[in-house]
Amino acid sequence: MKKNTLFVYFYIVFTTFVFAQEKPNVIVVLADDIGLGDISYYREKHSKNIILETPNIDKLAKEGMAFTDAHTPAALCAPTRYAIMSGNHCYRSYAPWGVWGAYRPSPIEPNQLTLGKLMKKAGYQTSFFGKWGFGMDFARKDNPNVVYDSPRIEHELDVDISKVIGKGPVQNGFDYSFMYPAGIQAEPYAVYENGVMMPLNKDSEIVLITQEKMSKLNVKLDKKEGLGDSYWNPYNSGKLLIDKAVGFIENASDEDPFFMYYCSQAVHLPHTPSKKMNGTKIAGTTPSSHLDMVKELDVQMEMLVDALKKKGVYDNTLIIFTSDNGGLLKPKTIKSGHQSNDIYRGGKNQMYEGGHRVPFIAWWPSQIKANTVSNTPILGIDIMATLADITNQKIEGNNAMDSSSLLPLLKGENKQVHPFLMTQSGTGKQTIIIKDGWKLIIQLDKKDKTDRNRMPFALFNLSKNPTENEKDNLITNPKFKNKVNELFQLYNETRDSGVITRT
């Protein structure tokens, strides 16, 4: 009996040790246009007026670590996606303010480290799902050996959208990909599996997707008309995406860990919620189609977690959940009392906190202490270095130059990640530096492509009562002239010197 007890004891110790040494599966979720106030866990901290509960995302926050001072690399989609994929600030790319459209050149250099390449080097089965969000290569229709150079005009018909010929997920370290090149809001209106257009129906053809065609489905195109699958219907996109992601988890090999970068279609325009998902009714069940999409995103998270449990890897999976920029300022949604950006000023595309302060949740049942909150300022860029740290890889050279590991924070250490934060707005062309609670907004000349013509625009003290943040612009107050000069100089020196800011 004693021998058996001793054997069981050593077996438990041994298996626990071995399990602890295994690399975790990793899922990074990048929601589209989700603000702090869209997640009820965050909204409840400042208001009892909760219009829509997000129980599944809330559960991740309560069982893991929720960050309250997390920021996106930009207040707009495309530059943020470049920065998270590469670990570099937006200004390090050839197009700091965004690579608009799937037919534009990618900002990712051929030999540049990406999330996919990083995790593949660590022995992971790598996968990408959803919105790629920055340029890639398609061929000209009249010459398959020539990359199509988009003139960015209405009705681009000279491009062969049947397959991606370069700089997509497959070329950036992802073994498997199920992708919407520009999300559900822009051309090509099609879905790609491993870089090849996947017909949405046995009778699918490549046609011009027009507003007239979409109006029959009660869909308003968010961007211009363009080529796509003749059976394109964005109401089906969410279910198609999450079903493929669940299938990947179910079929993943048990021999190697998997990495999934899941870029949801929710909650970007057009707001086309599923009728039902995972047995839950979605469309028409909230005060607006926007909130229907938030609900759909929450159910998608439920399905991912359920798949982990079914696979038996629930305890050894890290999920990072965040957004590409702040929430939308939707009149119908606001009228209901819902505040996508909680108490913060502004929203998507804007220089204010609502444009770039976002949810950031890390959930890892076997490693992160439940119900912990971090007030440490962080950036979405930090995902790259965090995963490198977890997989025992060292980032060197001109790779992920601005990404710092969050692993010490996840382990419970009280550590500063960045001595200061740098981010940017969207089309307004403002850059931002935040240090010790002080935020300087710098206006750039919209006509100057070098971004060297800069002028301090606003100074805010973010350490005040959060409800008062960004109401009192101190830029012309002589008492704060030195603070303006200090932050302006720090920003200019950091950006112009090209210094590596990772720690």
Side-chain angles (χ1 to χ4, degrees), residues 32 76-78 81-82 95 98-108 128-172 174 176-241 244 263-266 268-272:
D32 204 334
L76 206 55
C77 167
R81 289 170 191 270
Y82 156 78
V99 183
W100 305 117
Y103 307 149
R104 300 297 295 162
S106 172
I108 302 289
F128 180 89
F129 292 87
K131 178 179 176 179
W132 187 244
F134 49 82
M136 65 193 74
D137 292 346
F138 288 88
R140 287 190 57 83
K141 191 176 289 186
D142 57 5
N143 189 337
N145 298 315
V146 176
V147 174
Y148 177 75
D149 186 13
S150 172
R152 304 177 77 177
I153 59 173
E154 192 74 23
H155 296 171
E156 297 189 49
L157 304 177
D158 298 327
V159 54
D160 177 7
I161 70 165
S162 64
K163 62 182 177 180
V164 178
I165 64 171
K167 300 182 179 178
V170 173
Q171 293 82 17
N172 279 286
F174 294 98
Y176 176 82
S177 66
F178 189 82
M179 174 192 65
Y180 300 112
I184 60 172
Q185 70 269 25
E187 59 189 333
Y189 298 102
V191 61
Y192 294 77
E193 190 166 30
N194 295 329
V196 178
M197 182 176 166
M198 188 193 84
L200 295 173
N201 185 281
K202 62 182 179 62
D203 297 320
S204 285
E205 299 177 299
I206 294 176
V207 300
L208 180 66
I209 303 299
T210 64
Q211 182 55 62
E212 181 182 6
K213 179 178 177 63
M214 288 296 98
S215 292
K216 296 176 182 178
L217 301 176
N218 195 29
V219 173
K220 186 180 186 305
L221 289 175
D222 185 53
K223 300 292 189 298
K224 62 189 179 73
E225 299 176 337
L227 293 176
D229 190 305
S230 55
Y231 280 83
W232 176 256
N233 185 341
Y235 286 100
N236 300 330
S237 59
K239 187 176 187 306
L240 187 60
L241 181 63
K244 284 287 185 178
C263 296
S264 73
Q265 96 292 359
H268 202 288
L269 291 168
H271 288 151
T272 49

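Count residues from 1 along the sequence. Predicted, not measured: the structure shown is a model, and the values here were computed from it.
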Do K224 and E187 meet the salt-bridge criterion of a basic N to acidic O distance under 4.0 Å?
yes

Within a strict 4.5 Å, meaning less than it, do heavy atoms of the [X] and [Y] side chains meet?
| X | Y | value |
| --- | --- | --- |
| W232 | V207 | no |
| S177 | W132 | no |
| V219 | Y235 | yes |
| Q185 | L269 | no |
| L227 | E156 | no |
| Y148 | D160 | no |
| Y189 | L200 | no |
| K131 | C77 | yes |

[X] [atom1] to [Y] [atom2] distance, which is reported to the nearest 0.5 Å:
| X | Y | atom1 | atom2 | value |
| --- | --- | --- | --- | --- |
| I209 | L221 | CD1 | CG | 8.5 Å |
| S162 | F138 | OG | CZ | 9.0 Å |
| K244 | Y176 | NZ | OH | 4.5 Å |

Name each donor-acceptor pair under 3.5 Å that joins a side chain in residues 100-107 to protein atoms two or more places apart or in another chain, with its distance.
unit_1, atom_1, unit_2, atom_2, d
R104, NH1, S150, O, 3.1
S106, OG, I108, N, 3.0

Please list all pairs passing the side chain to side chain donor-acceptor pair (under 3.5 Å) test where one or both residues lie in residues 194-207, with sequence neighbours left out.
S204-D229

Sub-3.5 Å donor-acceptor pair from the side chain of K167 to the main-chain atoms of G135, do we have one?
no

Would the number of heavy atoms belonging to other residues, nucleotides or ligands and lying under 6.0 Å from CD of E154 be above 12?
yes

